[in-house]
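Computed from a predicted model, the values in this text were never measured in an experiment.
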Amino acid sequence: TQHMGKDLYYTVGMLPSEMIPALPFETYPRLRVNAEVNGFAMEATWMPVRGAWYMMVPRRVLNRLNVEVGDTVEVRFAVADQNAVHVPEALRDALEQAEDLKEVWDSWTPGKRRGFAHRVSSAKTPPTIAKRVDEVMTALADA
């Protein structure tokens with residue numbers, strides 16, 4: 001577990017150092033991967049810290065696998081398409097209806113698009129989804 005400020009902690013898995021040379025970290029210092037932790041599929045990113053790389057493992061994954069910090073787990077991963085962006089249906093529909101804003105969306109970097117798409121996909125209720133889609137559309141209009 002890593003500490004990120006006053007009361008914020010997160011759980012990470014560290015990449016074995018012998019694997020570092022085999023991965024394209026020079027091109028992609030934050031390497032997106034499709035991972036499995038004890039067979040549980042998740043999207044993740046290997047992120048650099050002082051010459052090593054770590055992957056954040058959400059608490060929900062630890063809970064689902066019934067493991068605790070310090071337990072040994074098996075992690076498998078494949079390098080993902082670094083430019084892929086999963087656009088939630090509600091946002092995709094809104095973009096299809098606003099061609100001028102879709103052009104702005106397409107001009108943004110994959111990372112920026114992923115951030116906005118995640119904001120929408122993390123919403124749990126239809127009203128919150130709609131509100132967040134409107135926020136994205138406003139950001140596009142203001143860009």
Side-chain angles (χ1 to χ4, degrees), residues 1-16 19-20 22-143:
T1 300
Q2 299 290 322
H3 183 253
M4 273 190 65
K6 187 173 180 173
D7 292 318
L8 182 59
Y9 292 85
Y10 58 97
T11 304
V12 301
M14 299 301 295
L15 183 68
M19 295 183 74
I20 293 171
L23 296 168
F25 289 124
E26 288 183 22
T27 305
Y28 303 105
R30 291 176 172 252
L31 186 65
R32 296 180 62 244
V33 296
N34 296 316
E36 287 185 3
V37 178
N38 281 4
F40 180 83
M42 60 182 261
E43 293 180 355
T45 303
W46 287 114
M47 295 180 281
V49 61
R50 296 186 285 279
W53 273 262
Y54 69 94
M55 171 191 301
M56 293 176 69
V57 182
R59 172 52 75 187
R60 66 178 169 76
V61 173
L62 297 178
N63 290 344
R64 180 168 178 162
L65 297 173
N66 198 30
V67 296
E68 291 294 327
V69 173
D71 289 350
T72 299
V73 296
E74 179 181 68
V75 177
R76 295 173 182 260
F77 66 92
V79 174
D81 177 353
Q82 300 303 295
N83 294 317
V85 179
H86 171 71
V87 181
E89 184 178 354
L91 179 56
R92 187 174 54 247
D93 291 347
L95 290 168
E96 288 174 3
Q97 295 177 17
E99 192 171 311
D100 57 330
L101 298 182
K102 172 92 167 68
E103 288 179 19
V104 176
W105 174 264
D106 290 340
S107 74
W108 284 356
T109 65
K112 187 171 184 175
R113 285 182 277 150
R114 270 192 299 277
F116 278 92
H118 175 71
R119 174 116 175 96
V120 173
S121 67
S122 65
K124 306 240 184 296
T125 65
T128 304
I129 292 168
K131 177 182 167 227
R132 291 184 183 179
V133 167
D134 287 344
E135 291 172 355
V136 173
M137 301 308 278
T138 299
L140 289 164
D142 292 345

Side chain to side chain donor-acceptor pair (under 3.5 Å) contacts touching residues 88-103 (sequence neighbours left out): Lys102-Asp106

Exercise: identify the closest heavy-atom pair between Ile129 and Ala123: CG1-CB, 3.6 Å

Any Phe40 side-chain heavy atom under 4.5 Å of Val73 side chain: no

Working for side chain to side chain contact (heavy atoms under 4.5 Å, CB included), residues Val37 and Met42: CA-CA 8 Å; Val37 178; Met42 60 182 261; 3.9 Å; yes

Side chain to side chain donor-acceptor pair (under 3.5 Å) partners of residues 123-134, not counting sequence neighbours, each pair once: Ser122-Arg132, Thr125-Thr128

Parallel, tilted or perpendicular: rings of Phe77 and Trp46 (30°, 60°): perpendicular

Within 6.0 angstrom of Glu135 CD, more than 12 heavy atoms from elsewhere: yes

Minimum side-chain heavy-atom gap Met137-Leu101 below 4.5 Å: yes

Any side-chain heavy-atom pair of Glu43 and Asn34 under 4.5 Å: yes

Euclidean distance, Leu62 CG relative to Arg59 CZ, rounded to 0.5 Å: 5.0 Å

Minimum heavy-atom distance Pro88-Ala117, with the two atoms named: CG-O, 3.5 Å

Leu91 side chain near Trp105 side chain, heavy-atom distance below 4.5 Å: yes

Interatomic spacing from CG in Leu140 to CG in Leu95 - rounded to 0.5 Å: 6.5 Å

Non-hydrogen side-chain atoms of Trp108 and Val85 separated by less than 4.5 Å: no

Pairwise distance CZ(Arg32) to CZ(Arg114) - rounded to 0.5 angstrom: 4.0 Å

Minimum-distance pair of heavy atoms, taken over all atoms of Ile20 and Ala52: CD1-CA, 4.5 Å

4.5 Å side-chain heavy-atom contact, Leu15 and Leu23: yes

Nearest-0.5 Å distance, CD of residue Gln82 to OG1 of residue Thr45: 8.0 Å

